[in-house]
Amino acid sequence: MEYSKDIFIKEQEYLLQTYKRIPIKISHGKGVYIFTEDGKKYLDFFSGIAVNALGYGNKKVIRAIEEQIKKYIHLSNYYVNVPQIELAEKLVKYSGLSKVFFTNSGTEATEASLKLIRKFFGPKKKIITFSNAFHGRTYGSLSLGGKKKYKEHFSPLLPNIIQLEYNNVEQLDKYIDSETAAVYLEFIQGEGGVRVASERFISKIKSLKKKYNFILVADEVQSGIGRTGKSFAYNHYNITPDLVIVAKSIGGGLPLGALITNNRYFNVFESGDHGSTFGGNPVACVAGLAVIDEVFENSLVNEVAKLGDYFLKELKMISGENSDKIIDIRGLGFMLGVEFNQPCSAIVEEFRGKGILVNCTNDNVLRILPPLISTQENIEHFLNEFRLILNKKIT
Ligand SMILES: Cc1ncc(COP(=O)(O)O)c(C=O)c1O
């Protein structure tokens, strides 16, 4: 499809202005690259916010979709559909949990988990979440979130939710007790500034969980399905959550999310307690199966672990040489962050000028989310350009 000249003006005319659009006119994607109408090529190290794990135009994903759409595109959830069952089986296998409920997005999977927790514990028990957390934009998910700017115009939000400081072990001791129904945790925060949970923090949560028996929910929407170099971010720690929420890359670019439960909570929902017209769409599920096949069964996840370590090490070197600008480097696998001592939107623009797409989150954290298929050469290219950008005086 051709863009008309005034596409950005038309966008403003017809769409609610909820998104700040990047001013490039994209024609198509291939592998780790995005191409524009005027023939420019961009290395996409943001992957559609961690969705495009296999990049653009992956043959297995396309073939799976083509085959499925000839059979049926949609079936109501009154009927079983094979792709749903096959994908659920894989999610159970790689998460180590028991059963799956499919949704269309991360926020819907979070909503499903909230309903499950409320049904199990009743309304009075409190839910613990953390500063800078991000769990989605619908009311329940928004209530769990830790960012004021997303919540301030939308109260009243859900009651009985207590926000603690991420990685603050003392606060866990103080606020988690027998009244705690659940703890929502991103083992590595994405939107919140690529923050990694400390070992001490997780082992305290583990010991408190043993004592008070709350439900531990891992939000793996961004960090799951191999992004951190392991199946899920919680696999970096000695702990297994009760509920796991996934979305983003699990649909191979199509809308799909899932709530995975362990065997203690899988029968909390009974027939009619929850549902979705589109949740677990068969086309999205076959695309997801192609992603699982590549990431787990063809061991792409091991490449991510190896290259991610290298990437982090090189970023730390760059940081050492630029300690007047960079405060911290952190992350796991292909979920990496560079914290600057000033807002990083100018750096993102510099990168764009050099044909590389990245993101700035939490004002001053450069968030790097390469497609999982990225190569050493792609990483070297990014690092070289980063060095050149930092050598220029950035205002
Ligand atoms: C950790 C996390 N949880 C939940 C969500 C919400 O997912 P969705 O946008 O699919 O509703 C996101 C989206 O960025 C996320 O990063």
Side-chain angles (χ1 to χ4, degrees), residues 72-92 94-129 133-145 154 157-161 180-186 213-222 224-225 232 240-248 250-251 254-285 288:
Y72 49 82
I73 294 174
H74 169 80
L75 278 188
S76 125
N77 276 315
Y78 274 111
Y79 308 99
V80 288
N81 81 62
V82 174
Q84 249 185 36
I85 299 165
E86 287 183 349
L87 184 58
E89 193 178 358
K90 298 283 183 196
L91 289 173
V92 163
Y94 290 105
S95 65
L97 273 64
S98 288
K99 291 198 191 202
V100 176
F101 177 86
F102 282 113
T103 66
N104 306 289
S105 64
T107 202
E108 286 170 73
T110 308
E111 296 295 329
S113 70
L114 276 168
K115 280 180 71 177
L116 188 150
I117 291 160
R118 287 289 187 237
K119 186 170 181 212
F120 189 79
F121 281 111
K124 285 216 177 72
K125 291 253 194 170
K126 64 186 175 193
I127 291 176
I128 304 289
T129 65
F134 187 80
H135 299 290
R137 304 282 198 152
T138 49
Y139 255 96
S141 308
L142 191 64
S143 307
L144 296 170
F154 303 106
L157 297 171
L158 281 191
N160 298 337
I161 293 171
T180 304
V183 172
Y184 275 79
L185 184 64
E186 291 158 272
N213 226 351
F214 54 79
I215 296 178
L216 177 61
V217 188
D219 182 335
E220 295 273 357
V221 168
Q222 198 165 137
I225 320 294
F232 296 91
T240 309
D242 302 290
L243 307 181
V244 173
I245 294 165
V246 291
K248 290 196 185 278
I250 190 56
L254 293 173
L256 188 66
L259 169 67
I260 317 171
T261 78
N262 68 6
N263 55 17
R264 183 146 190 249
Y265 300 106
F266 70 63
N267 57 7
V268 176
F269 281 153
E270 293 159 290
S271 174
D273 274 342
H274 200 44
S276 166
T277 297
F278 286 115
N281 169 270
V283 186
C285 285

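With hydrogens and angles left out, the side-chain atoms of Y184 and S113 include a donor and acceptor closer than 3.5 Å.
Put simply, the side chain of N77 gets close to the backbone of S276: a donor and an acceptor are under 3.5 Å apart. Without hydrogens or angle criteria, K90 side chain to G288 main chain gives no donor-acceptor distance under 3.5 Å.
Listed here is the closest heavy atom pair of K119 and D273: NZ-OD2, 2.6 Å. In plain terms, the two heavy atoms of A109 and V246 that are nearest each other are CB-O, 4.3 Å. Annotation for V221 and K248: closest pair O-CB, 3.4 Å, computed over non-hydrogen atoms. Here the closest heavy-atom approach between residue V268 and residue F120 is recorded as CG2-CD1, 3.7 Å. In this structure, F232 and S95 approach most closely via the heavy-atom pair CE1-CA, 3.6 Å. Residues S105 and A247 share a closest heavy-atom pair of C-CB, 3.8 Å.
In this structure the side chain of E111 reaches within 4.5 angstrom of the side chain of S141, judged on heavy atoms. Residues N262 and I215 form no side-chain contact, since every pair of their non-hydrogen atoms from C-beta on lies 4.5 Å or further apart. When side chains are defined from C-beta on, I128 does not count as touching F214, because their heavy atoms never get closer than 4.5 Å. The closest side-chain heavy-atom distance from V100 to L87 is not below 4.5 Å.
More than 12 non-hydrogen atoms from other residues, nucleotides or ligands lie less than 6.0 angstrom from NZ of K126.
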(request) Any chance you could lay out the side-chain contact (heavy atoms from CB on, under 4.5 Å) test for L114 and L144, step after step, and finish with the verdict? (result) CA-CA 10 Å; L114 276 168; L144 296 170; 4.0 Å; yes

(request) Check step by step if side-chain contact (heavy atoms from CB on, under 4.5 Å) holds for T261 and F269. (result) CA-CA 11 Å; T261 78; F269 281 153; over 6 Å; no

(request) Take I127 and V217 through the side-chain contact (heavy atoms from CB on, under 4.5 Å) test and state the conclusion after the steps. (result) CA-CA 10 Å; I127 291 176; V217 188; over 6 Å; no

(request) Could you give me the CA-CA distance, side-chain angles and deciding distance for T103 and F278, then say whether side-chain contact (heavy atoms from CB on, under 4.5 Å) is met? (result) CA-CA 7 Å; T103 66; F278 286 115; over 6 Å; no

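How far SG of C285 is from CG of L256: 5.0 Å, rounded to the nearest 0.5 Å. Expressed to the nearest 0.5 Å, how far CD1 of I260 lies from CG of L97 amounts to 6.5 Å. How far OG1 of T180 is from NZ of K125: 7.5 Å, rounded to the nearest 0.5 Å. Taking CZ of F101 as the start and CG of L116 as the end, the distance is 10.5 Å to the nearest 0.5 Å. One finds the CG atom of L185 at 11.0 Å from the CD1 atom of I245 (value rounded to the nearest 0.5 Å). From N160, atom CG reaches atom CD1 of I117 across 12.5 Å, with rounding to the nearest 0.5 Å.
The aromatic rings of Y139 and F154 lie perpendicular to each other, with more than 60° between the two planes, well past the 30° mark.
Applying the side chain to side chain donor-acceptor pair (under 3.5 Å) rule to E186 yields no partners; only residues at least two apart in sequence or on another chain are considered. Partners of Y79 by side-chain contact (heavy atoms from CB on, under 4.5 Å), not counting sequence neighbours, listed by chain and number: L75, S76.
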